[in-house]
Amino acid sequence: MSVNLIYLIAGVAMFLAAVLPSVLDRYAVSAAMVLLVLGMGIGLLPLPEGMRLDPVVIRPQVERITEFTILVALMGVGLAIDRSFEWRSRAAWATWSPTWRLLALAMPLTIASVALLGWGLGLAPAAALLLGAALSPTDPVLASDVQVEGPRVEEPDDDDGEALGEPVDEKDDVRFALTSEAGLNDGLAFPFVTAAVLMASAGGLASVGSWGLEWFAWDLVGKVVVGVAAGVAVGWGLARVAFRSPRRSLRLAEQGEPLLALAALVMTYGVSQLVGGYGFVSVFACGMTLRAAERNHHYHRSMHEVVQRLERLLTLIILLMLGMSMTKGVLDELDWRGVVIALALVFVLRPLSGWVSLRLRARPAGLPGGLGHKETLATAFFGVRGIGSLYYLAFAAGEHPFAEERWLWSTVAFTILLSVMVHGTLATPVMRYLERRRERGGRARPA
């Protein structure tokens, strides 16, 4: 493959990334599906000399690009959610009920079930736990087909670009639940990845007693609290400057400068890492805090748009490289155990864990945060696996050598492929069916 051909392929791929979301909007095909298949086709061609696609060899590069892509996606998710959250309000906690259930119940159940299945199929306990943790988060990058579209504001506008009405709320609780879950569980998977590394480093399952208490107090609780606090603090400070600074030159909202979103995510991640918190949680909290400031200002749309464009470009690169690697050997270690785990996760373990978590003392349907039976099934099923799984595996393998690393890469890659194909095919028809159902219910209630 010549350098000129690489330029041509890259240009065509970027063009597809720009047009596919609108072209495929009415079809049961996602952009991620097309880009993965395109990458697999490109991977059949000879690679330029020196170009490596082995994830074990290029692990540091995989970790960095997936890390930054997730950060960009998390900032976009934080800015996109219209439903406000006030921690002192019981009503706010109730409207976020699906999120808490998916995080507190569905995620640990998914991790435990995948880990137990892997252990039962012959994996070492640490490797099984790592696999469960890496495959547990709903991906904020590839789950865009089932997430909220972006920040909305009330009309009409005044002369300053601010809406005059009250802030809008999320109308689609399925999309809200999946979006907010994806915004938080990428960071909350980190403690369990850390536990897998600690278990592998300390000598297996019997070592849990030597590090378990400290892990629970700091890795599971302390770093989450620090991460949220760091994100809220940075978001609040930047919002004060952008919207209410006494100096006009610093009121970026009036200037419409959207790069504040990128500055915020990089700054927040740096602050959180320095103080010991989870950066993923911090960036999402920062995005939510920025969104909470002047909720009806059109500036949120500008920030979300620039983040979304960057996310699309980064996703293009990762999906093409992942697709190429699939036809260049990353699936070579896949065996029947990996196939069983992937099929079980997509069709049984995540849907069942999600359904159980959402049905226990569920909030009544029709209220914000309430899900009907069919909405519950859809929310439980659409736990898209993606780029977050690649990051966590790359991170853990860089912290401690796992004997099963190549098998883990093959299994994770196959699971992502399966998830992209299954969820990408079903997302459009299922979400449209639920939208029509909600519209019919909305018309029937006033009568």
(message) Check this for me: does any side-chain nitrogen of one of D82 and R291 sit under 4.0 Å from a carboxylate oxygen of the other?
(response) yes

(request) For ring pair (Phe, Tyr, Trp, His ring centres under 6.0 Å), just list the numbers for H300 and F243, CA-CA rounded to whole Å, side-chain angles, deciding distance to a tenth of an Å, and then say yes or no. (result) CA-CA 11 Å; H300 297 295; F243 291 100; 5.6 Å; yes

(message) Quick check: closest heavy atoms across L74 and G183, and the distance to 0.1 Å?
(response) CD2-O, 3.4 Å

(request) Can you label the angle between the H423 ring and the F381 ring as parallel, tilted or perpendicular, going by 30° and 60°? (result) perpendicular

(request) Step through the shown structure and confirm whether more than 12 heavy atoms of other residues, nucleotides or ligands are within 6.0 Å of CH2 on W119. (result) no

(message) With rounding to the nearest 0.5 angstrom, report the NZ to OG1 distance, K374 to T379.
(response) 14.0 Å

(message) Between Y278 and Q273, is the side-chain hydrogen bond (donor to acceptor under 3.5 Å, both in side chains) condition met? List the steps.
(response) CA-CA 7 Å; Y278 288 129; Q273 294 296 97; over 6 Å; no

(message) Within the structure provided, determine whether M75 and M303 are in side-chain contact (heavy-atom separation under 4.5 Å).
(response) no

(request) Applying side-chain contact (heavy atoms from CB on, under 4.5 Å), run through M324 and M40 and close with a yes or a no. (result) CA-CA 5 Å; M324 292 169 63; M40 294 172 72; over 6 Å; no

(message) If you apply the rule side-chain contact (heavy atoms from CB on, under 4.5 Å), what do you find for I58 with Q61, and how did you get there?
(response) CA-CA 5 Å; I58 61 171; Q61 291 85 350; 3.7 Å; yes

(request) Search all heavy atoms of D139 against all heavy atoms of Q147 and return the closest pair with its distance. (result) O-NE2, 3.7 Å

(request) Could you tell me how the ring of F85 sits relative to the ring of W100: parallel (under 30°), tilted (30 to 60°) or perpendicular (over 60°)? (result) perpendicular

(message) Let's go through E181 and T138 carefully: what are the C-alpha distance in whole Å and the side-chain angles of both, what is the deciding distance for side-chain hydrogen bond (donor to acceptor under 3.5 Å, both in side chains) to 0.1 Å, and is it a yes or a no?
(response) CA-CA 7 Å; E181 179 202 12; T138 295; 3.1 Å; yes

(request) Of all the heavy-atom pairs spanning G118 and A128, show the shortest one and how long it is. (result) C-CB, 4.1 Å

(message) So, taking the atom named CG in L310 and the one named OG1 in T69, what distance separates them when rounded to the nearest 0.5 Å?
(response) 8.0 Å

(request) Please step through side-chain contact (heavy atoms from CB on, under 4.5 Å) for the pair F192 and L220, ending with a clear verdict. (result) CA-CA 8 Å; F192 301 96; L220 185 60; 4.1 Å; yes

(request) Give the minimum heavy-atom separation between R101 and L358, together with the two atoms involved. (result) CD-CA, 4.1 Å

(message) Contact between V77 and M288 at the side-chain level, heavy atoms closer than 4.5 Å - yes or no?
(response) no

(message) So which atom in I416 and which in R385 form the shortest heavy-atom distance, rounded to 0.1 Å?
(response) CG2-O, 4.0 Å

(request) Taking the side chain as every heavy atom from C-beta outward, state whether L322 and S325 have any pair of such atoms under 4.5 Å apart. (result) yes

(request) Any chance you could lay out the side-chain contact (heavy atoms from CB on, under 4.5 Å) test for L334 and W407, step after step, and finish with the verdict? (result) CA-CA 6 Å; L334 183 68; W407 182 88; 5.8 Å; no

(request) Write down the atom of R350, the atom of T110, and the distance for their closest heavy-atom approach. (result) CA-OG1, 4.2 Å

(request) Taking the side chain as every heavy atom from C-beta outward, state whether M107 and L102 have any pair of such atoms under 4.5 Å apart. (result) no

(message) Does any part of the side chain of S180, heavy atoms only, come nearer than 4.5 Å to the side chain of W96, both counted from C-beta?
(response) yes

